[in-house]
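Working notes, structure below.
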Amino acid sequence: MDNNRKMWLNGEIMAVKDAKINVLSPTSQFGANVFEGIRCYWNQDEKQLYAFRLDDHFDRLANSIKLLKLECDYTIEDMKKGFFDIIKANDYKEDIAVRQTVFLDGFGSWSSTGPTGMFIAPIARKRSYDKKSLKCCISSWERISDRSLSPRIKVGANYLNSRLAHMEALENGYDTAIIMNNAGKVAEAPGSCLFLIRDNELITPSITSSILESITRDTVIKLAKEELNMIVTERDVDRTELYIADEIFLCGSAMEIMSVSNVDNYEIGNEEVGQITKELQRLYFEVIRGDNLNYSKWITPVY
Ligand SMILES: Cc1ncc(COP(=O)(O)O)c(C=O)c1O
């Protein structure tokens, strides 16, 4: 990690190694922080860095703050200004990921509502996996639910559920896991949402299936409908439907669009990246880099 890269903490720009927080704060003790992982893509021809679906990320951050009843003095305009300032301070001219986090600071407990702080940390980022396709298992862990700790809230503590599932998958020789919800239906993967294709229909668990309301998921749905004229269905998905799917892929800001070629040792398709997955990847990469003018509403120039 480049420790000299700069980050933004509570209104100040500093080297990452100098950014310190209180170890007794509720964020440190209980994972009481809400955050967004926002991607920006460098367009070499235009010499421009484009942030992807920035307003949607800040809307979701505001919802997470509301759901956890955190006091936050920063307006969305302040959050955006900090976001642009810190990327410019690092002068990034490559693809990056930006972690923007509102955290519960001070010496309170898990039930405090403030004070809150905010940090914004950009980092150079390539694709998450070198491989073209992933081998997944169905996790023995159950996805957290809206009746316990809602996956709709993008809070640090939620990631411990994903951690258990992902680590179990790695220990058993898989790339990652697919997690079922408390109704025994497919929810999502650690840090990404899931799509499957059956007979040219694109299917994904609905937003009440114990998933994060993923911005990439929404992007994929719109691209499939508008650009590929596909039928897209949001519904319950059974485990065994995965085993007989024509194609499966995971998606998320970090994951982008990643093919799944094997689930629980059942081959998906012929273990190649499927045609529809390839087509959606092509469209997605065009859109995020600012090479598809139909979707310029989703990209914001940084410089
Ligand atoms: C649990 C979970 N599901 C899905 C996603 C994908 O969401 P998005 O597309 O908004 O990045 C993420 C990543 O943030 C996540 O953590």
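In what follows, residues are counted from 1 in the order of the sequence shown. Note that the structure is a prediction, hence the values are computed from the model and not measured. As the structure lists them, so they are numbered: ligands from 1, and atoms in each ligand from 1.
- When each of Asp236, Ile138, Ile179, Ile178 is checked for a side-chain contact (heavy atoms from CB on, under 4.5 Å) with Val186, only Ile178 meets the rule.
- Here is the list of ligand 1 atoms found below 4.0 Å of a heavy atom in Ser253: 8 (P), 9 (O), 11 (O).
- A donor-acceptor pair shorter than 3.5 Å cannot be found between the side chains of Thr204 and Glu234.
- With respect to Glu77 and Lys81, no salt bridge is recorded, no charged nitrogen being found less than 4.0 Å from a carboxylate O.
- Of the residues listed (Phe119, Tyr159, Phe103), the one engaging Phe35 in a ring pair (Phe, Tyr, Trp, His ring centres under 6.0 Å) is Tyr159, and it is the only one.
- At under 3.5 Å, not a single nitrogen or oxygen of Cys251, backbone or side chain, sits near a nitrogen or oxygen of ligand 1.
- Every N/O-N/O distance between His57 and ligand 1 stays at or above 3.5 Å.
- The residues Asp78 and Lys80 are annotated as not salt-bridged, no charged nitrogen and carboxylate oxygen being separated by less than 4.0 angstrom.
- With hydrogens left out, the protein atom closest to atom 9 (O) of ligand 1 is Thr216 OG1, 2.5 Å, a heavy atom.
- In Arg60, the part holding a heavy atom less than 4.0 Å from any atom of ligand 1 is the side chain.
- Heavy atoms only, all atoms of each residue included: Lys132 and Met258 are closest at O-SD, 3.6 Å.
- When hydrogens are left out, the protein atom nearest atom 3 (N) of ligand 1 is Glu188 OE1, 2.6 Å; that is the closest non-hydrogen contact.
- In this structure, Lys154 counts as a contact residue of ligand 1, since one of its heavy atoms falls inside 4.0 Å of the ligand.
- Residue-to-ligand polar distances keep Ser162 apart from ligand 1: every N/O pair is separated by 3.5 Å or more.
- Remark: minimum distance from atom 5 (C) of ligand 1 to any protein heavy atom is reached at Gly191 O, 3.5 Å.
- At least one N or O atom of Tyr159, backbone or side chain, sits closer than 3.5 Å to an N or O atom of ligand 1.
- For the pair Arg143 and ligand 1, the shortest N or O to N or O distance does not fall below 3.5 Å.
- Below 3.5 Å of separation, one finds no N or O of Glu213 facing any N or O of ligand 1.
- Thr216 and Thr219 are not linked by any side-chain donor-acceptor pair at a separation below 3.5 angstrom, with hydrogens and angles left out of the test.
- Taking a cutoff of 4.0 Å between a charged side-chain nitrogen and a carboxylate oxygen, Arg127 and Asp95 do not qualify as a salt bridge.
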